[in-house]
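Step one of this worksheet: look at the structure below.
Computed from a predicted model, the values in this text were never measured in an experiment. If you read the sequence from its start, that first residue is 1, and numbering goes on from there.
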Amino acid sequence: MNRKQLYWSYGGLFLLALVLRLVMAFFANCDGEIRTVRPDTAGYLTPARSLIAGTGYASTRRPPGLPVVAAAVFKCGGGVRTLSFLLAGVSALTVLLVSRAGYLYKGHAGGLTAGLLYALNPTVLGNAPLLLTDTLAGIFAALQYIFFLEFYRRKQWWGFFACAGAAAVGTLIRPVNMLFILPLIFLLLCMKGINWQKKVTAGVISLLLFASIIFPWMLRNAMCGAGFCVDTNTGAMYHQNGAMLLGEVSGRGYEFEKQRILREQEELFQDKVRFPDEKSREEYRINACKTLVKQHFFIWLKQQMNYQILLPDVPSFLECLGVTSSDRGTMAVLKEQGVAAAVRHYFGKNWLGIVAAVLPLIFIAGTTYAGALGQLILDVKQIRKNYMELFIFAAFVYYYLFLPGAITAPRYQIPALPCMCVMAASAWLTAVEYFRNRRAGRCGDGNTELTEADRS
C-alpha cells in the first residue's frame with residue numbers, strides 16, 4: 001500500500017468515525033439536553049458555569065477536566081449542544097490515535113483494523129455525545145497507550161514521560177487514573193535491556209512529573225476544606241460499591257441498601273460538630289467503605305472481577321437515538337437477576353426485535369473481546385517471550401476493568417478499549433496470516449504433485 005492509499009485509508013476511517021458520531025450527537029440533541037444529560041452531568045456543568053460567571057470553581061466534588069473544557073465552550077458562545085458535538089469530535093479523533101497505536105503494534109493493517117474496531121464500538125458510539133467525562137478520558141487513555149508503545153517498541157524515552165504526563169492529566173478528568181503511575185513504573189522495572197540506574201532515575205522523574213501536575217489541584221481542594229484529594233466524589237463508593245456488597249451479604253439487594261445508606265448519611269451529616277466540612281464527610285464515607293471491604297473481603301474481591309463491565313453499552317446508543325430512555329433501575333435487575341432479565345426489563349416486550357436490530361454492533365464488540373482474548377492466549381503460550389505483553393494488558397486494560405468493581409457501568413470500559421482494540425486487531429491479523437499460509441502451503445503441495453506427475 002503506497003503513501004497515497006494510506007492517506008485515503010486513514011482519512012476514510014476518520015471520516016466514517018466522525019460522521020457516525022455527528023449523527024449520534026444530532027439525534028441526541030434533537031429534543032434539547034435530555035438525551036445527553038445523565039445524573040452526573042450537573043456536577044460538571046455547574047462549576048463550568050460558575051467559572052464563566054466569575055465566581056471561581058464552585059465545587060470540590062468533581063475534578064476540573066471536563067468543567068474547564070465546558071467553560072471554554074460556554075465562554076466562546078457555545079452551549080451544551082456545542083459541547084456535545086465537540087465531545088463527539090474528540091471521540092472521532094480518538095479513532096486516529098487508536099489507529100496509531102495499532103500501527104506501532106502491527107503495522108498499517110493493524111492500525112486500520114484497530115481503528116475500525118474502535119470506530120464502530122457501540123459503547124464508544126453511545127457515549128460520544130453524552131455530557132460526561134468518559135469520552136474526554138478515553139482520548140487521554142489512548143494517548144497514554146500510544147506514548148508507552150513509542151517507548152516500548154521504539155525505546156523512545158520521551159514516550160515514557162509523556163505517558164506519565166498524559167496519565168496525570170487524565171486523573172484531573174477521571175480520578176480512576178490516580179494510581180496508574182504505579183503500574184506504569186512497574187512496567188518500566190520489568191523491561192529488559194535497560195540498566196537499573198536508568199530505570200530508577202526514570203521512575204523517580206515520572207513520579208515527580210505525575211505529582212507536579214495533580215498536586216496544585218489537590219492543594220487547592222485542601223485549602224477549600226475538602227482534604228488533599230482530586231475530588232470529593234470518591235466517597236460515593238460507600239453507597240454504590242458498599243451497597244452492592246451489603247446487598248449480596250444481606251440478601252436485601254443493591255437498591256434497598258443504597259437507599260438505607262443514603263438516609264443514614266443524611267441524618268449523620270446533620271451533626272455539624274462531628275462533620276463540619278466536606279473533608280470530614282468524605283473521610284467518613286471512605287472509611288465506612290473500607291470497613292465493609294475488610295469485613296467481607298472475598299465477596300468484595302469476587303465483585304471486583306465482574307464480566308458485566310464488558311457488556312456493550314447498547315442502552316446509551318439507543319437512548320441517544322431516542323429509541324429508549326434511561327433511569328429504569330436496570331442495574332439493580334442486572335446485579336440481582338442477571339443479563340437476560342436485565343435485557344427484558346430494559347427493552348420491554350419488544351426486547352427481541354431491538355436486540356436483533358443492534359446485533360451488528362454487538363458483533364463488533366464481541367469481535368474485539370474475542371480477539372483480545374485470543375491475543376492473550378497467544379501471549380500465555382509464549383510467556384517467556386511475551387510476558388511484557390501480559391503486563392501491558394494488565395496496566396492498560398485490567399486496571400480500568402478492575403477498579404470500578406461491582407458498579408459495572410459499561411462506559412467504564414472506554415479507557416481500556418484502545419489497548420483491547422489493538423490486541424484484537426493483532427490477533428485477527430495473525431489468524432488471517434496463519435490461514436493464508438496454510439492455504440498457500442496446500443496449493444504449493446498440490447502444484448508439486450502435479451509437476452511430479454507430469455514428469456512421470
Side-chain angles (χ1 to χ4, degrees), residues 14-46 48-49 62 65-74 76-96 98 118-139 141-142 173-174 311-331 343 346-348 350-351 353-355 357-362 364-365 409-415 417:
F14 174 72
L15 185 62
L16 171 66
L18 183 61
V19 168
L20 288 174
R21 283 150 178 78
L22 291 180
V23 168
M24 294 297 296
F26 173 78
F27 280 102
N29 288 280
C30 278
D31 300 325
E33 304 175 26
I34 298 174
R35 294 179 190 169
T36 60
V37 170
R38 294 295 181 271
D40 293 344
T41 299
Y44 303 109
L45 297 188
T46 299
R49 291 187 173 111
R62 298 289 184 177
L66 180 59
V68 168
V69 172
V73 170
F74 299 159
C76 294
V80 290
R81 289 185 181 85
T82 306
L83 178 60
S84 177
F85 277 94
L86 175 65
L87 290 173
V90 168
S91 181
L93 285 174
T94 308
V95 172
L96 287 182
V98 173
Y118 194 88
L120 300 179
N121 187 280
T123 302
V124 176
L125 279 171
N127 284 273
L130 299 187
L131 303 179
L132 296 170
T133 59
D134 302 280
T135 295
L136 199 58
I139 194 169
I173 298 170
R174 284 197 67 210
L311 293 173
D313 199 356
V314 173
S316 289
F317 177 81
L318 295 175
E319 287 162 15
C320 284
L321 297 178
V323 177
T324 59
S325 58
S326 59
D327 298 328
R328 298 186 180 191
T330 307
M331 182 177 290
V343 169
Y346 180 82
F347 294 114
N350 297 322
W351 69 270
I354 295 175
V355 170
V358 296
L359 207 55
L361 291 177
I362 296 175
I364 291 293
R411 58 191 174 91
Y412 293 163
Q413 68 180 266
I414 289 177
L417 283 174

Looking at residues at least two apart in the chain, or sitting in another chain, which of them share a salt bridge (Lys or Arg N to Asp or Glu O under 4.0 Å) with D313?
none
Between [Y] and [X], is there a side-chain heavy-atom distance shorter than 4.5 Å?
{"X": "F317", "Y": "M24", "value": "yes"}
{"X": "P129", "Y": "C320", "value": "yes"}
{"X": "F347", "Y": "V314", "value": "yes"}

Of all the heavy-atom pairs spanning [X] and [Y], show the shortest one and how long it is.
{"X": "A48", "Y": "P67", "result": "CB-O, 3.3 Å"}
{"X": "A92", "Y": "R21", "result": "N-CD, 3.5 Å"}
{"X": "T94", "Y": "A142", "result": "CG2-CB, 3.9 Å"}

Given 3.5 Å as the limit, does a donor-acceptor pair link the side chain of [X] with the main chain of [Y], or not?
{"X": "R411", "Y": "G126", "value": "no"}
{"X": "T123", "Y": "P312", "value": "no"}
{"X": "S84", "Y": "V80", "value": "no"}
{"X": "Q413", "Y": "L311", "value": "yes"}
{"X": "N121", "Y": "V124", "value": "yes"}

Let me confirm one number: the [atom1]-[atom2] distance from [X] to [Y], rounded to the nearest 0.5 Å.
{"X": "L86", "Y": "S91", "atom1": "CG", "atom2": "OG", "result": "11.5 Å"}
{"X": "S316", "Y": "R35", "atom1": "OG", "atom2": "CZ", "result": "13.5 Å"}
{"X": "L125", "Y": "L20", "atom1": "CG", "atom2": "CG", "result": "6.0 Å"}
{"X": "L87", "Y": "T36", "atom1": "CG", "atom2": "OG1", "result": "9.5 Å"}
{"X": "L83", "Y": "L45", "atom1": "CG", "atom2": "CG", "result": "7.0 Å"}
{"X": "Y118", "Y": "I414", "atom1": "OH", "atom2": "CD1", "result": "6.0 Å"}

Around atom CZ of F14, are there more than 12 heavy atoms from other residues, nucleotides or ligands closer than 6.0 Å?
yes
Using a strict threshold of under 4.0 Å (side-chain N to carboxylate O), is an ion pair present between D134 and R38?
no
Any side-chain donor near an acceptor of the partner, T135 and N127, under 3.5 Å:
no
